[in-house]
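Residue indices begin at 1 and follow the sequence shown.
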Amino acid sequence: MPGAREQIDDATARTPEASPAQQPAARMVSWRALAIALLLMPFNSYWVVIMEVTRYAGHPTTISLFFNVVFVLTVLIALNGVARRINPRLALEPGELLCVYVLLAISTAVSGHDMIEVLTPILAHLSRFATP
C-alpha cells in the first residue's frame with residue numbers, strides 16, 4: 001500500500017519532534033562563553049592563591065566541589081536571569097554556563113594547593129637529580 005506509507009511519512013514529517021531542523025541548536029562552547037571564562041580565570045586563580053597559599057584558610061581545592069567556582073556560577077546565573085529579562089538574546093544558554101563552569105574548575109585545579117606547592121617542586125626535582 002504505497003498510499004498508506006506516504007500518509008505515515010507525511011504525518012511524521014509534520015511533528016516538531018521528527019524534524020531537528022526546526023528546533024534551534026543548543027549552544028555549548030561559544031565565543032562569549034570562552035570570553036567570560038577567560039576574563040574570570042585570573043580573578044578566580046588569584047582568589048584561590050590568596051586563600052590557600054597566603055592565608056592558608058578555606059582550601060577550596062581540597063574538596064571535590066570547588067566552592068569558589070560554584071559561587072562564581074551562582075553569580076553568573078543571577079546575572080543571567082537579569083539579562084534574560086532585559087534581552088533574552090543576551091542570556092547564556094545552559095551549555096554555555098556549563099562551559100564556563102568547566103573552564104573555571106580546570107583553572108582552579110591548576111592554581112590550587114597541590115599544584116603550586118607539590119607538583120612544581122616535583123617537576124623541578126626530576127631534571128635536577130636525574131642520573132644516567
Side-chain angles (χ1 to χ4, degrees):
M1 293 196 318
R5 177 74 177 158
E6 290 173 10
Q7 273 186 330
I8 292 172
D9 289 340
D10 289 341
T12 57
R14 284 184 291 220
T15 60
E17 299 85 29
S19 99
Q22 293 177 352
Q23 296 177 0
R27 289 184 294 190
M28 295 292 279
V29 179
S30 67
W31 288 108
R32 65 183 184 163
L34 290 173
I36 290 170
L38 288 174
L39 286 173
L40 290 175
M41 276 182 194
F43 301 109
N44 187 49
S45 297
Y46 179 74
W47 184 12
V48 170
V49 168
I50 290 297
M51 284 180 18
E52 290 191 346
V53 178
T54 306
R55 295 186 181 179
Y56 205 70
H59 305 289
T61 61
T62 57
I63 55 176
S64 62
L65 190 62
F66 300 149
F67 65 81
N68 59 320
V69 180
V70 172
F71 175 77
V72 171
L73 186 67
T74 304
V75 171
L76 277 177
I77 289 172
L79 292 174
N80 199 35
V82 172
R84 190 172 307 276
R85 287 188 179 167
I86 295 171
N87 187 356
R89 294 186 61 192
L90 294 176
L92 295 170
E93 297 292 325
E96 292 174 315
L97 289 170
L98 178 66
C99 177
V100 172
Y101 173 79
V102 168
L103 290 173
L104 287 179
I106 291 171
S107 73
T108 296
V110 169
S111 64
H113 183 74
D114 291 331
M115 182 56 126
I116 293 173
E117 295 178 4
V118 178
L119 185 61
T120 307
I122 288 173
L123 291 174
H125 179 83
L126 290 174
S127 63
R128 172 79 169 108
F129 296 104
T131 58

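- Two different hydrophobic clusters hold Tyr46 and Phe43 under the rule that ILVMFWY side chains link at heavy-atom gaps under 4.5 Å.
- Taking hydrophobic clusters as Ile, Leu, Val, Met, Phe, Trp and Tyr residues chained together by side-chain heavy-atom distances below 4.5 Å, Val82 does not share a cluster with Val75.
- Heavy-atom minimum distance, Glu96 versus Ser30: OE2-OG, 2.5 Å.
- Counting non-hydrogen atoms of other residues, nucleotides and ligands closer than 6.0 Å to CZ of Phe67 gives a total above 12.
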Determine all donor-acceptor pairs shorter than 3.5 Å in which one atom belongs to a side chain in residues 124-132; sequence neighbours excluded.
residue	atom	partner	partner atom	Å
Ser127	OG	Ala124	O	3.2

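- Residue Arg32 comes nearest to Ala91 through the heavy atom pair NH2-O, 2.7 Å, listed as atom of the first residue, atom of the second, then distance.
- Between the OG atom of Ser45 and the CD1 atom of Ile50 there is a distance of 11.5 Å, given to the nearest 0.5 Å.
- Separation of atoms OH (Tyr101) and CD1 (Ile106) is listed at 10.5 Å; rounding is to 0.5 Å.
- Tracing side-chain contacts under 4.5 Å through hydrophobic residues (I, L, V, M, F, W, Y), one never reaches Val49 starting from Leu39; they form parts of separate clusters.
- In this structure, CG in Leu90 is found 12.0 Å from CG in Leu79, a value given to the nearest 0.5 Å.
- Placement of Trp31 and Met41 within a single hydrophobic cluster is found when ILVMFWY residues are connected by side-chain heavy-atom separations under 4.5 Å, directly or transitively.
- To the nearest 0.5 Å, atom CG of residue Asn68 and atom OG1 of residue Thr108 are 4.0 Å apart.
- Counting heavy atoms from C-beta on, the side chains of Asn44 and Val69 come closer than 4.5 Å.
- Going from atom CG of Leu40 over to atom CH2 of Trp47 covers 11.0 Å, rounded to the nearest 0.5 Å.
- When every heavy atom of Asn80 is checked against every heavy atom of Leu92, the shortest pair comes out as OD1-N, 2.5 Å.
- The heavy-atom pair separating Leu34 from Cys99 by the smallest distance is CD2-SG, 4.3 Å.
- Under the 4.5 Å side-chain heavy-atom criterion for ILVMFWY residues, no single connected hydrophobic cluster contains both Val48 and Phe71.
- Taking CG of Leu38 as the reference point, atom CG of Leu104 lies at 9.5 Å (rounded to 0.5 Å).
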